[in-house]
Amino acid sequence: AVAGLLDGFYDRYFRACERQFPQLSPMEHRICALVKAQLPNWKIAEMLSISVRTVENHLRNTRRKLGIAPGTRMHHTLAQVRIDSEDDKN
């Protein structure tokens with residue numbers, strides 16, 4: 001299910017996120033790509049076979065690592081990720 005969602009644009013977005021935010025863990029990159037898809041935490045948890053609390057913990061760690069202030073929507077920061085030709089690689 002996750003692989004299907006991350007095909008195409010989200011697969012490229014995932015690679016761009018890895019490149020632009022190297023301080024994030026692989027799971028945090030996956031969660032960022034799914035947040036970018038505007039999925040709710042419960043759906044992200046279901047897709048990744050983890051608990052909602054684990055998703056929330058990863059999101060909290062991601063906010064800290066990226067310096068996103070409390071109350072700021074993470075989606076705004078993730079919208080700034082730029083995809084370029086380097087992210088087209090398989």
Side-chain angles (χ1 to χ4, degrees):
V2 173
L5 180 64
L6 293 178
D7 282 348
F9 175 79
Y10 290 103
D11 189 39
R12 293 171 59 219
Y13 179 84
F14 178 80
R15 285 192 295 274
C17 192
E18 283 183 312
R19 185 173 41 79
Q20 293 173 43
F21 302 128
Q23 67 272 41
L24 300 181
S25 73
M27 181 61 81
E28 290 164 346
H29 286 122
R30 281 188 213 97
I31 290 173
C32 283
L34 296 171
V35 166
K36 173 72 173 165
Q38 299 183 2
L39 295 175
N41 290 354
W42 69 266
K43 186 63 175 174
I44 294 171
E46 181 181 282
M47 293 176 76
L48 298 176
S49 300
I50 58 177
S51 71
V52 172
R53 180 170 287 238
T54 299
V55 171
E56 292 167 351
N57 287 337
H58 281 297
L59 289 172
R60 187 171 30 262
N61 290 338
T62 298
R63 286 179 172 281
R64 180 182 48 77
K65 290 177 181 180
L66 299 181
I68 300 171
T72 303
R73 293 192 63 207
M74 183 178 282
H75 187 70
H76 295 301
T77 299
L78 298 178
Q80 297 174 22
V81 172
R82 298 291 173 236
I83 297 171
D84 59 31
S85 60
E86 186 176 330
D87 303 312
D88 289 331
K89 299 174 187 170
N90 288 330

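Since the model is a prediction, treat every value here as computed from it, not as a measurement.
Salt-bridge check for E46 with K43: passed, with a basic side-chain N closer than 4.0 Å to an acidic carboxylate O.
Looking at heavy atoms from C-beta onward, I44 lies out of side-chain contact with R30 at the 4.5 angstrom threshold. Taking 4.5 Å as the limit, every side-chain heavy atom of R15 sits out of range of all side-chain heavy atoms of H29. Side-chain contact between L48 and T54 is absent, with no heavy atoms from C-beta onward closer than 4.5 Å.
T62 places a side-chain N or O within 3.5 Å of a backbone atom of H58 that can act as its donor or acceptor partner.
Here the straight-line distance linking atom OG1 of T77 with atom NZ of K36 works out to 11.0 Å at 0.5 Å rounding. The CD atom of E56 sits 14.0 Å away from the CH2 atom of W42 when rounded to the nearest 0.5 Å. Here the straight-line distance linking atom CG of L66 with atom CD of E28 works out to 8.0 Å at 0.5 Å rounding. How far CZ of R53 is from CZ of R60: 8.0 Å, rounded to the nearest 0.5 Å. Rounded to the nearest 0.5 angstrom, S25 OG and K65 NZ are separated by 5.0 Å.
N41 pairs with exactly one of V52, L34, I31 by the side chain to side chain contact (heavy atoms under 4.5 Å, CB included) rule, that one being V52.
Under the side-chain hydrogen bond (donor to acceptor under 3.5 Å, both in side chains) criterion, R63 pairs with no residue, sequence neighbours left out.
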